[in-house]
Each structure stands twice: as C-alpha cells, then as structure tokens.
Amino acid sequence: MSLKPLSSLPQEPLQIKRALLSVSDKTGIADLAKTLHNAGVEIVSTGGTAKTIRDAEIPVTDVSEVTGFPECLNGRVKTLHPKVHGGILARTSHQPDNDEIEELEISAFELVVVNLYPFKEVIKNNDISAAAATENIDIGGPTMVRAAAKNFAHVCILTNPGQYREFQSEFSSSNEIGYSTRLKFARKAFAHTADYDAAISQYFNQLDQQELPVQLNLSIPKHAGLRYGENPHQKASVYGRQNDFIDCFHGKELSYNNYLDIDSALRTMADFKDEDPTVAIFKHTVPCGISTKSNLNEAYQRAFATDTVSPFGGIVITNRPLDLETAKSIDSIFTEIILAPEYEDGVIDFLKQKKNRRLIRIIDFPNGTNDYSIRSIIGGVLYQQIDSKIVTGDDLKVVTKRQPTDQELSDMLFGWKVVKHVKSNAIVYAKEQSTCGIGTGQTSRVESSVIAVRKAMNEDLSLKGSAIASDAFFPFADGVIAAAQSGATAVIQPGGSIRDEEVIEAANKNNMAMVFTGIRHFKH
C-alpha cells in the first residue's frame with residue numbers, strides 16, 4: 001500500500017494552551033498537571049481526575065462547566081458533547097474550522113490525556129459477572145483518544161502514564177510539542193484503542209460461546225525486536241507474553257529460531273511435567289531423544305543415546321531442577337540452550353562458563369486447553385485449537401489377539417506422547433520409557449520408520465521388545481511388518497484406515513499387540 005507524503009499536513013511545533021485530562025489510572029497525573037499549570041496551560045478535567053488535580057492544589061475546570069451540562073447516568077456520560085469533541089477535532093490551521101468553533105463558542109484543545117477503564121484487568125477475575133465486566137467498557141475515553149489521534153497535526157494525545165516524562169521533557173524546554181512526537185503518540189493511541197477493542201471483542205466471543213470467531217481480532221504487544229528472522233536478510237520481532245513462561249537469564253538475546261525451538265520444547269515437556277525425571281533434546285523444533293528415568297542424569301544419557309549426532313548445538317529441557325551431575329553431562333557437547341524449572345546450587349556458575357550458551361528458567365508450562373495457534377498462509381491465516389489431547393490407558397482399544405504387557409502398554413503411551421510432537425509423517429520407537437529411534441517429516445510413513453530404525457542401528461540400540469507409535473493410521477500392512485522385522489512387539493496408532501483389518505492381521509501373524517487411540521496427531 002502506497003501512502004501520500006505527510007507533507008500534506010501541518011508539521012509546525014504545537015504550542016499547548018489548553019488541555020483535557022480524564023484518566024482512569026491517576027499515576028503521575030498531578031505531576032503532569034503541575035507542569036502544565038506552571039506553563040500557563042488551562043486544564044479541563046472530569047470527575048476523579050479533577051479531584052486528584054484539585055487535591056494537589058492545581059486550578060482545574062470541570063468538563064460540566066465547559067459543556068453546561070452535568071455528568072449523568074452515574075458518570076456514563078461526561079465528555080460526549082460538541083464542546084468537548086469540537087475542541088478536540090478542530091483543525092486550527094484551517095480557517096473555516098476556526099470561524100465555526102468561534103461562532104459556536106468552542107475552545108480548541110491542544111493536549112488530550114486519556115487512559116481507559118481497566119477492562120482487561122477486570123476480566124482477569126474469572127468470577128466477575130457480565131454486568132460488572134461491561135460496566136468497565138469505556139465509551140467516552142476511546143472516542144476522545146481516537147478524535148485526538150486523528151487530529152494529531154493539531155492535538156497531542158497521551159494514553160499512558162509512561163509517556164508523561166517524555167512529554168514533560170520536550171514541553172518544558174519550549175512549551176511546544178514537535179510534529180514527530182505527536183505522530184508517535186497518535187500511532188500509540190490507535191494501537192491502544194485497537195488493543196482495547198480486541199479485548200472486548202474476544203470477551204464477547206466468550207460470552208456468546210464463539211470458539212472460532214467470524215472476525216479474528218488480534219492485539220499482541222511487542223515483546224522484543226530480533227536481530228533477524230529465520231535468515232539474516234529477514235526482519236523479525238517477537239510479540240506476546242513470553243516472560244510469563246520463560247526467563248532467559250544468561251547468554252545472548254534469543255533469536256527467531258531460538259523462540260521456535262523453545263516453543264516446541266516447552267509444549268512437549270508440558271506433556272511430561274508431572275512424570276518422573278524427564279529430559280528432552282531438540283534440534284530444529286523436532287525431538288532428537290526423550291527419556292523418563294529415576295534421575296535426570298540417567299534420563300539425559302538415555303535421551304542422548306537416541307541420536308548422538310543431531311543434539312550438537314541443540315536444546316535440552318528438563319522437568320525437574322537441573323543438578324550438577326546432569327549439567328556436566330549436558331556440557332560434554334555444545335548445547336546452545338538449556339531450560340529447567342530451577343537450577344541447583346553450583347549449576348548456574350558451572351554452566352555460565354560458556355558465554356554463548358543461553359540459560360532459561362521455566363516459569364510456567366503452556367496449558368494448551370484454551371490455547372490457539374495461528375499460521376500465516378497466502379491471503380490470511382489458519383487458526384486452530386492447540387493439540388492438547390492426552391491419551392491414557394483407558395482410552396485405548398486393543399484390536400489384536402494378544403493383549404499388551406504392562407511394559408508394552410507403558411512404552412506405547414510414552415511413545416504416543418512423543419510422536420504427538422514429531423512432524424508428520426511421524427514414527428517413534430520407544431522402549432523402557434525412552435526413545436530408540438525417531439523418524440520425522442517424510443512423505444511416506446514407511447520411510448519415516450526406515451529412518452527411525454536406521455538411527456537406532458547407528459546408535460547400537462536394540463529395538464527388540466520396543467513399541468512403535470505412529471501419528472496417523474498405517475494405510476498398509478507393510479509398516480507394521482517392517483516394525484515387527486525390526487524387533488517391535490507393540491503398536492500404538494489411531495486406526496481408521498479402510499485396510500485396518502489387513503494391518504491387524506499382520507500384527508497378529510507377528511504376535512504383536514496393537515492398540516487404537518481413535519485420534520491422530522498430524523503435525524505439519
């Protein structure tokens with residue numbers, strides 16, 4: 001989209017002579033009012049804001065004196081009046097506007113300071129009623145913000161106490177505010193109202209039980225700028241609430257690819273957070289090895305044994321505080337990122353010896369229940385609920401003549417948790433709560449199985465007595481036959497193929513136990 005040059009708008013510094021202050025968050029408002037008063041600016045205000053200013057012994061005019069109309073409906077209507085909005089919207093560089101507001105006895109505002117009712121904070125309380133929540137939907141505030149931001153060539157708009165110091169610093173030197181500053185604050189004002197409206201829209205979607213809204217409204221704050229995206233020639237930033245989940249307390253700033261890897265690691269370990277000590281190793285968002293054992297060091301050694309080549313420069317995540325013995329094992333190769341819920345004494349000092357390594361404390365694991373993923377596609381996005389389904393033994397249907405042993409059942413469920421996080425077509429061989437081979441991202445399920453078997457062979461890992469997990473059904477019997485030939489004795493898969501009977505027959509002929517989950521875990 002091409003834009004016309006801003007030179008079509010007046011760009012002279014703006015002298016502030018009259019200001020309208022009406023804020024929900026009173027932080028810093030008295031100090032700002034004092035700065036304005038000392039510069040001879042007339043201050044007009046509303047309700048509680050006016051009281052705060054008066055309590056600071058600063059002269060202030062009530063909006064009701066300007067409009068000649070009292071606040072009504074318990075404060076619902078205060079500023080919705082031509083003498084307010086005419087004063088905000090007047091183009092004072094345009095003589096017809098000046099003539100008209102003079103005739104209507106309207107005085108212009110050069111500064112508007114407004115922040116909105118705390119709707120987003122209020123609805124964080126899950127027990128709040130719809131009536132109480134909707135009372136915190138600001139009407140007059142957003143109208144004034146949008147009006148002032150629209151007229152930024154003639155009006156300065158402040159929407160956050162964090163902006164006051166910058167404003168005061170520039171204003172105090174000349175009693176004027178420059179064009180570029182007004183443009184910046186106007187941009188932030190429109191972002192502020194967009195975020196506010198998006199939160200309200202989302203709330204009403206929930207009220208009306210609209211899980212997949214007709215109009216997808218997103219407002220996500222910028223968390224940090226990134227040096228580049230997937231590759232150095234791509235610009236990128238990260239948006240959201242990453243600090244709610246991770247604290248990167250050592251090492252360089254996280255990159256675009258780091259965030260992708262960390263997301264995969266956290267979502268995978270969320271399925272193992274309540275299990276015995278578990279370690280997962282990742283490379284390019286795909287698990288290289290995962291193991292659950294009686295202690296972290298044993299779990300790391302076994303996870304690493306799945307694939308001793310790929311983990312170089314990868315990510316390690318644990319579901320327990322990281323101890324020094326395990327840290328030393330991890331340190332035996334270059335590991336770029338380590339994530340743990342906590343670090344035992346001495347571990348951080350040891351790991352900090354390598355400056356290029358990132359150390360991350362896990363603050364929380366993603367829940368996934370009400371979480372949605374967004375992926376850009378040509379012309380728009382895809383929006384779906386996160387795959388948070390956890391399968392238990394009670395969900396399984398045994399379809400073969402032979403029932404699985406307790407060990408086979410345990411390994412099948414372990415493998416099923418892992419395969420959910422492996423890209424399709426996905427095959428995982430698991431044994432004794434550890435991965436033996438992982439095949440990922442192939443166009444043929446048999447090819448994925450071949451890769452998984454080859455990796456196990458490369459690491460001298462026996463697949464005898466292992467369980468094989470497939471993210472989707474086996475379309476032909478050949479995959480099961482290949483698994484049996486590799487030593488697998490148990491199969492866990494969704495089922496649902498038109499050739500299920502052939503697949504089951506192949507499992508029976510090879511004395512394998514097979515269970516159907518009834519769900520699949522495609523991950524494209």
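Please read all numbers here as calculations on a predicted model, not as lab measurements.
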**Item:** Side-chain touch Val316/Tyr300, heavy atoms, less than 4.5 angstrom
**Value:** yes
**Item:** Main-chain N/O of Asp271 paired with Lys417 side-chain donor or acceptor, under 3.5 Å
**Value:** yes
**Phe350/Tyr343 aromatic ring centres below 6.0 Å** = no
**Asked** Do Glu408 and Arg402 meet the salt-bridge criterion of a basic N to acidic O distance under 4.0 Å?
**Response** yes
**Asked** Does one side chain, of Asn115 or Thr159, offer a donor that lies under 3.5 Å from an acceptor on the other?
**Response** no
**Prompt:** Charged N to carboxylate O under 4.0 angstrom, Glu505 versus Arg499?
**Reply:** no
Donor-acceptor pairs are to be reported for all side-chain atoms of residues 282-292 against protein atoms at under 3.5 Å, with residues two or more places apart or in another chain.
| unit_1 | atom_1 | unit_2 | atom_2 | d |
| --- | --- | --- | --- | --- |
| Lys283 | NZ | Ser310 | O | 3.1 |
| Lys283 | NZ | Phe312 | O | 2.8 |
| Thr285 | OG1 | Lys423 | NZ | 2.5 |
| Ser291 | OG | Ser434 | OG | 2.7 |
| Thr292 | OG1 | Thr278 | OG1 | 2.8 |

**Asked** Does Val279 reach the side chain of Gln301, with side-chain heavy atoms less than 4.5 Å apart?
**Response** no
**Prompt:** Would you say Ile363 and Asp244 make side-chain contact, with heavy atoms under 4.5 Å?
**Reply:** no
**Request:** Flag the pair Asp387 and Arg267 as a salt bridge only when some basic side-chain nitrogen lies within less than 4.0 angstrom of an acidic carboxylate oxygen.
**Result:** no
**Request:** Go through the steps for Ser410 and Gln433 under the test side-chain hydrogen bond (donor to acceptor under 3.5 Å, both in side chains), then give the verdict.
**Result:** CA-CA 7 Å; Ser410 176; Gln433 299 294 282; 2.7 Å; yes
**Item:** Interatomic distance, Asp371 atom CG to Gln384 atom CD [nearest 0.5 angstrom]
**Value:** 10.5 Å
**Asked** Quick check: are there more than 12 heavy atoms from other residues, nucleotides or ligands sitting under 6.0 Å from CG of Asp406?
**Response** no
**Asked** Is there a donor-acceptor contact under 3.5 Å from the side chain of Ser424 to the main chain of Lys523?
**Response** yes
**Item:** Check: Leu296 main-chain N/O paired with Arg320 side-chain donor or acceptor under 3.5 Å
**Value:** no
**Message:** Just so I know, are the side chains of Phe516 and Phe473 near enough to count as touching, which here means a heavy-atom distance under 4.5 Å?
**Reply:** no
**Message:** Would Ser255 and Asn257 count as a side-chain hydrogen bond (donor to acceptor under 3.5 Å, both in side chains) here? Give the steps.
**Reply:** CA-CA 5 Å; Ser255 70; Asn257 294 331; 5.2 Å; no
**Message:** Evaluate Ser201 against Gln215 for side-chain hydrogen bond (donor to acceptor under 3.5 Å, both in side chains), listing each step before the verdict.
**Reply:** CA-CA 9 Å; Ser201 175; Gln215 175 74 28; over 6 Å; no
**Message:** Check this for me: does any side-chain nitrogen of one of Glu336 and Arg358 sit under 4.0 Å from a carboxylate oxygen of the other?
**Reply:** yes
**Fill in**
Here the gap from Lys464 atom NZ to Ser486 atom OG, rounded to the nearest 0.5 Å, amounts to 13.5 Å
**Message:** Distance check, rounded to the nearest 0.5 Å: Ile468 atom CD1 versus Asp411 atom CG?
**Reply:** 13.0 Å
**Prompt:** How many angstroms lie between atom CD of Glu170 and atom CD of Glu166, to the nearest 0.5 angstrom?
**Reply:** 7.5 Å
**Under 3.5 Å: donor-acceptor pair, side chain of Gln442, backbone of Gly439** = no
**Message:** For residues 383-438, which residue pairs pass the ring pair (Phe, Tyr, Trp, His ring centres under 6.0 Å) check, not counting sequence neighbours?
**Reply:** Phe272-Phe414, Tyr372-Tyr383, Trp416-His521
**Item:** Side-chain donor or acceptor of Asp500 paired with backbone N/O of Ser497 under 3.5 Å
**Value:** yes
**Asked** Is the His524 to Phe522 ring centre distance short of 6.0 Å?
**Response** yes
